[in-house]
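Below: the structure, in structure tokens.
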Amino acid sequence: MQDEMPKAFEPSTVEARWYAFWVENGFFAASLDPADGRPAYVVPMPPPNVTGSLHVGHAMRVTFEDALVRWHRMRGFNALWQPGIDHAGIATQTVVERLLKREGKSRHDLGREAFAERVWQWKAESGGRIALQQRELGASADWGRSKFTMDEDLSRAVREAFVRLYEEGLLYRDKRLVNWDVEAQTVLSDLEVENDEGAQGELFEFAYRVEGSGEELVVATTRPETMLGDTAVAVHPDDPRYAHLVGRKLVHPFADRRVPVVADAVLVDPTFGTGAVKVTPAHDFNDFATGKRHGLEFVTVIGFDGKMNELAGPFQGMDRFEARKAVKKKLAELGLAKGAKPHTLTLPRSERNGSIVEPMLSTQWFVSMKGMADRALAAVAEGRTKIVPGDWVKTYDHFLENIQDWCVSRQLWWGHQVPAFYCDACGEVTVARHDPAECPKCRAPSPRRDPDVLDTWFSSALWPFSTLGWPDRTPALARFYPAADLETGYDILFFWVARMMMFGLHFLGEVPFRRVLLAGMVVDETGQKMSKVKGNVIDPLDLIHGASFREVVEKASPGVPFDEALKKFQKAYPSTAQLKAKASPEAECFPPFGADALRLTLASYSPATRRIPLAPKRVEGYRHFCNKLWNATRYVLPHLAGLAPAEGVPPATSLANRWVLDRLASALGEAFRALDDYRLDEALSALYHFVWHDFCDWYLELTKPVFQQGSEAEKAETRAVLAHALEASLRALHPFAPFVTEDLWQRLPKPASRPASVCVAPYPAEAEGRNDPEAARQMEALQRVIGAARAVRSEHEVHPGAPVPLVLRTNDEGLRALLGRESVAVRTLVKTHEAVAIEAAGGARPRGHVLAVAGDVEVLVGLVGLVEGSKELDRIEREKKKVEKDLAALEKRLAQPSFVEKAPAEVVAEARTQLEALVRTRARLDEARALAAELDAPAG
RNA sequence: GCGCCAGUAGCUCAGUGGUCAGAGCGUCAGCCCGACGAGCUGAAAGUCGGUGGUUCGAUUCCACCCUGGCGCACCA
């Protein structure tokens, strides 16, 4: 693998071979060996849907989790990143039904068994493709332990959980009003219902006639068709308008039924509408409760198919929306319609298919949540599980404090079938771990199994332990439960995280994970959610492998004409549009940025932020960073000449070597602290800055004169430091950019103790550098001097290649000594071939030199004959203005007795030191100004 | 109605009770120098959403307000 290094980093050639290398060597497998004493670090991967295809959300999961897992693995943890796939009940059934439809069939044509067979077949062919895509991102999961939620062992866990809850009286069957998805033909849990706010509807008013009088009672409704199921009209008990009607009966215009007027303070707000409310206990949640309170009849008039049933009289067979119009019309004909006003309402919609959810009376299985919720609340309150960022604790608490029982049965064919059996002979219900051959009560043969399946999230809630062999007490369970970190998007805090907490505590008596890390959602560059409607979806694989505009735009807006789709896309990603304004379909929209660049980009967003605006331009920036690493290594390698460095931090005596080890220590320390705090962005930023701006911009440049003209001893020391700093940097960056770091690391000569792969090499901590405040201070002074000289030259537009004489003056002897020692460095970095003169301050000014001030050093740059005139006075004035301003502020503060008395001593001392420094700088600037006149005077 | 989040350079975002601040991209000027499908050097640019308060001191803490986003509940 030690081939010639191409000039530029090419992700595609690097990625595939290293992934194979890692897997072949089993680096990602967690160990169950009893002799392995390493502490466990476990992260359960949120199992993507079997129907899923990798989107940026998944890419973010992989990036965050993989970085954490690789980091811990390198730190010597026995890391288990538990992967898997979710069977995704409704989603998968919908996909396969759609396929059947193309063949002109429905699932009913096949029957339940054959349909399930068909789904398994589909799964074998195209399901779980996402697991392969996760590998393209470098996911270091323990693929050998991968689980599918419908695997035999996980199905056993689901059944066990169900039976136990039933035996404990926490799982029960009840007839109540549920959310019915008319399109999918199944019940939904409350969480699966989305509230569509701002829908335009109308508030329709009609009258009921009071029995035995000509009086009318006007009610208002947004759903006139439900009046067919009205069994009462409610008024407020204190409402004088209707007091006389309470207890009277109303005539239902279409049904052979008398409807009582009841007084109800809970349901009725006398100030809203007419102050009289029609009550339909079988089709509305509030009315259901009202019906219970008053012992009303429950008349169901809408069927599970969304059509009016036989109790709807003349409206039977009509679709509910059709019936709405018909009822209104009929009421108008009867003179009972009393007008309508526009009304904004919130419609409950199925999160799956968007159809309007119908509240229906139905018998379903429910899990009693209150007790489990209380324990889940306590676990977080007591800190046994920490939610990060902590902002989410309130949301978590609010959900659990107001939790309703969980409807877990679904009228689907794909999923874990409810293990309940009904005896048709005696009505006995049996819930059992094994299918009963006969009714345990009356011995009637073959009780009928409940046809329903369980909510997909029921099995997901068991994930942290069902994947480890529960209900058996396996070694894996003992070793890997509870997990350390659970990382996921905040959108499934209720669906998944809270339920895992509850089930984990219930079944294992212990929290399922110590930390919950909640990440934001990836959105487009303008902050909009990604959706096909908006045409702003980006396939992360396109960013990795590169893609033409046609490919990108087709995925963003399937089926939409190119130009239109392109426009939408460019609007969502302005920086891309800018980059490729002249986009033609076949032109390259994204070059192959590579998995590393994408990962670095995603890792660079603060995990605390809720919206993560994905900017392709930013990915490009990180590809450049990979390229920088690549080329830095390309520079370093020839100098090392294959010499393997010794173990440990190499000795350093030269300023540059001491300094770079100091910066390395500081960056590594910061990275470690940040990672520990789940701040991948801060860790990355510290390392990025070190590599690019300290290591490449300064240190590599400083090594050049050493290799050109240094002594053998200097060269040897520099070689060792160079090799060490680069090798440590690659290790430090490996969790973020696994591919490029592995490739480069393999090319470097390394100490003998290093393992076969960087992914199991020790993660560098601060001690792999060497703190050296003295070197840091000296280097900073040097950098200021060099910066001042460069600025002078740049501002005077002197050709960087032109040699300029440089005179550095200071009365600080230490500084003079330093500048003398480092004069070669100064000369190299200022890019002047002339000798550098180091002098005491205050001498006569050399002719034609422009002066700048760098702290205590006067920097005189000789520009004779190179420029006409000078901007020196301008820049001195500018600098002085700044200094004066800072000085004034400091003086003012120090003049305040309250500040000096009350502020901490060190703050005051620091202010004084700064003041002194500023005063000195001001003096230099004053001198400089006086001297500036000399240069500005007409040349003699 | 309850709750959460955001509002900092042209853009996207970091950040801190202590000289009223950073990064990337973008912009401007110069360069191409044997690590750099790029890079290097330099520069310009912000009254840190508004109003009050706490404090010796607030962009950073508190209250209220405005704007945008989100969640939950309710809606005859």
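By convention in this document, chain letters (A, B, ...) are assigned in the order of the sequence lines, proteins followed by strands, and residues within each chain are numbered from 1.
Taking atom P on both nucleotides, U16(B) is separated from C61(B) by 9 Å, rounded to a whole Å. The separation of C66(B) from G49(B), taken at their C1' atoms, amounts to 8 Å, rounded to a whole angstrom. U59(B) and U47(B) have their P atoms separated by 13 Å, with the value rounded to a whole Å. Annotation: C32(B) and G69(B) have their C1' atoms spaced 47 Å apart (nearest Å). When the P atom is used for both U60(B) and C5(B), the distance is 16 Å, rounded to whole Å. Distance noted for atom P between C4(B) and C64(B): 11 Å (whole Å). Look at the C1' atom in both A6(B) and G50(B): the space between them is 16 Å, to the nearest Å. Here, C48(B) and A21(B) have their P atoms 10 Å apart, quoted to the whole Å.
For the pair H398(A) and C4(B), the criterion of a side-chain N or O lying under 4.0 Å from OP1 or OP2 is not met. Distances shown here put every side-chain N or O of R790(A) at or beyond 4.0 Å from the OP1 or OP2 atom of C31(B). Put simply, N402(A) has no side-chain N or O that comes within less than 4.0 Å of OP1 or OP2 on G3(B). OP1 or OP2 of G37(B) has at least one side-chain nitrogen or oxygen of N627(A) nearer than 4.0 Å. Not one side-chain nitrogen or oxygen of K628(A) sits closer than 4.0 Å to the OP1 or OP2 atom of G37(B). Taking only side-chain nitrogens and oxygens, S604(A) never comes nearer than 4.0 Å to OP1 or OP2 of U12(B). For H283(A) and A76(B), the shortest distance from a side-chain N or O to OP1 or OP2 is not below 4.0 Å. One finds a side-chain N or O of K394(A) lying less than 4.0 angstrom from the OP1 or OP2 phosphate oxygen of C4(B). Checking the phosphate oxygens (OP1, OP2) of A35(B), a side-chain nitrogen or oxygen of K704(A) falls inside 4.0 Å. The side chain of N195(A) contributes an N or O atom lying less than 4.0 Å from OP1 or OP2 of A73(B). For W698(A), no side-chain nitrogen or oxygen approaches OP1 or OP2 of C40(B) to under 4.0 Å.
Residue H689(A) is out of contact with every strand shown, counting any heavy-atom pair closer than 4.0 Å. Counting any heavy atom pair closer than 4.0 Å across all strands shown, R793(A) reaches no nucleic acid atom. If you check every strand for non-hydrogen atoms under 4.0 Å, P904(A) touches a base. As judged by a 4.0 angstrom heavy-atom cut-off over every strand, H693(A) is placed among residues touching the sugar-phosphate backbone only. If you check every strand for non-hydrogen atoms under 4.0 Å, R623(A) touches sugar and phosphate atoms only. Among the protein residues, Q896(A) comes within range of the sugar-phosphate backbone only, with heavy atoms under 4.0 Å from sugar or phosphate atoms but none that close to a base. Within 4.0 Å of V268(A), counting heavy atoms only, lies at least one base atom of the nucleic acid. Contacts of S685(A) with the nucleic acid, taken as non-hydrogen atoms under 4.0 Å apart, are absent. Base engagement by A632(A) is indicated by at least one non-hydrogen atom pair under 4.0 Å involving a base atom. Using a 4.0 Å heavy-atom criterion, one finds that E701(A) contacts the bases of the nucleic acid, with or without backbone contacts as well. Within 4.0 Å of L700(A), counting heavy atoms only, lies at least one base atom of the nucleic acid. Across all strands, S606(A) comes closer than 4.0 Å only to sugar-phosphate atoms, never to a base (heavy-atom distances). Nucleic acid contact for L915(A): none, since no nucleic acid atom lies under 4.0 Å from a heavy atom of the residue. Nucleic acid contact for D287(A): none, since no nucleic acid atom lies under 4.0 Å from a heavy atom of the residue.
For A903(A), taking side-chain heavy atoms from C-beta onward, the closest of the listed nucleotides C5(B), A76(B), C56(B) is C56(B). Taking the side chain of T221(A) as heavy atoms from C-beta on, and the options U41(B), A76(B), C5(B), the nearest nucleotide is A76(B). Taking only side-chain atoms of D391(A), from C-beta outward, the nucleotide of A35(B), G18(B), C4(B) with the closest atom is C4(B). Distances were taken from every side-chain heavy atom of Y635(A) (C-beta onward) to each of C56(B), A35(B), G42(B); the shortest belongs to A35(B). When distances are taken from the side chain of K617(A) to each of G26(B), A14(B), C74(B), the shortest belongs to G26(B).
The partner of C61(B), taking Watson-Crick or G-U wobble pairs whose two distances both stay under 3.5 Å, is G53(B). For C28(B), the paired base is G42(B) (Watson-Crick or G-U wobble, both distances below 3.5 Å). Across all strands shown, C2(B) pairs with G71(B); the Watson-Crick or G-U wobble distances both stay below 3.5 Å. In this entry C20(B) has no Watson-Crick or G-U wobble partner, no candidate having both defining distances under 3.5 Å.
Comparing I612(A) and G621(A) by the nucleotide of RNA chain B that holds the closest heavy atom to each, the one mapping nearer the 5' end is I612(A). Looking at which nucleotide of RNA chain B each of A608(A) and V219(A) is closest to, the 5′-most match is held by A608(A).
Both cation-pi conditions hold for K704(A) and Y635(A): the charged atom is under 6.0 angstrom from the six-membered ring centre and inside a 45 degree cone around its axis. By the 6.0 Å and 45° rule, R784(A) does not stack over the aromatic ring of W698(A). By the 6.0 Å and 45° rule, R623(A) does not stack over the aromatic ring of W630(A). Cation-pi geometry between R618(A) and Y605(A) is met: the NZ or CZ atom falls under 6.0 Å from the ring centre, inside 45° of the normal.
Between K341(A) and E205(A), at least one side-chain nitrogen of the basic residue sits less than 4.0 Å from a carboxylate oxygen of the acidic one, meeting the salt-bridge criterion. A salt bridge is defined here as a Lys NZ or Arg NE, NH1 or NH2 lying under 4.0 Å from an Asp or Glu carboxylate O, and E202(A) with K328(A) meets this definition. A salt bridge does not link D677(A) to R679(A): none of the charged side-chain nitrogens sits closer than 4.0 Å to a carboxylate oxygen.
When rounded to the nearest whole Å, the span between OH of Y688(A) and C1' of A14(B) equals 14 Å. For the pair D677(A) CG and G15(B) P, the computed distance is 11 Å after rounding to whole Å. Between the P atom of U19(B) and the CZ atom of R912(A) lies a distance of 16 Å, rounded to the nearest Å. What separates CZ of F690(A) from P of A23(B) is a distance of 19 Å, to the nearest Å. In this structure, R610(A) places its CZ atom 15 Å from P of C13(B), rounding to the nearest Å. Between the CD atom of Q708(A) and the P atom of C33(B) there is a distance of 15 Å, given to the nearest Å. Going from atom CZ of R618(A) over to atom P of C25(B) covers 11 Å, rounded to whole Å. Between the CG atom of N631(A) and the P atom of G39(B) there is a distance of 10 Å, rounded to whole Å.
Looking only at distances, no side-chain donor or acceptor of D287(A) sits under 3.5 Å from a matching main-chain atom of P281(A).
The only member of L629(A), T633(A), D596(A), D743(A) that meets side chain to side chain contact (heavy atoms under 4.5 Å, CB included) when paired with F9(A) is D596(A).
A608(A) approaches P389(A) most closely through the heavy-atom pair CA-CG, 4.0 Å.
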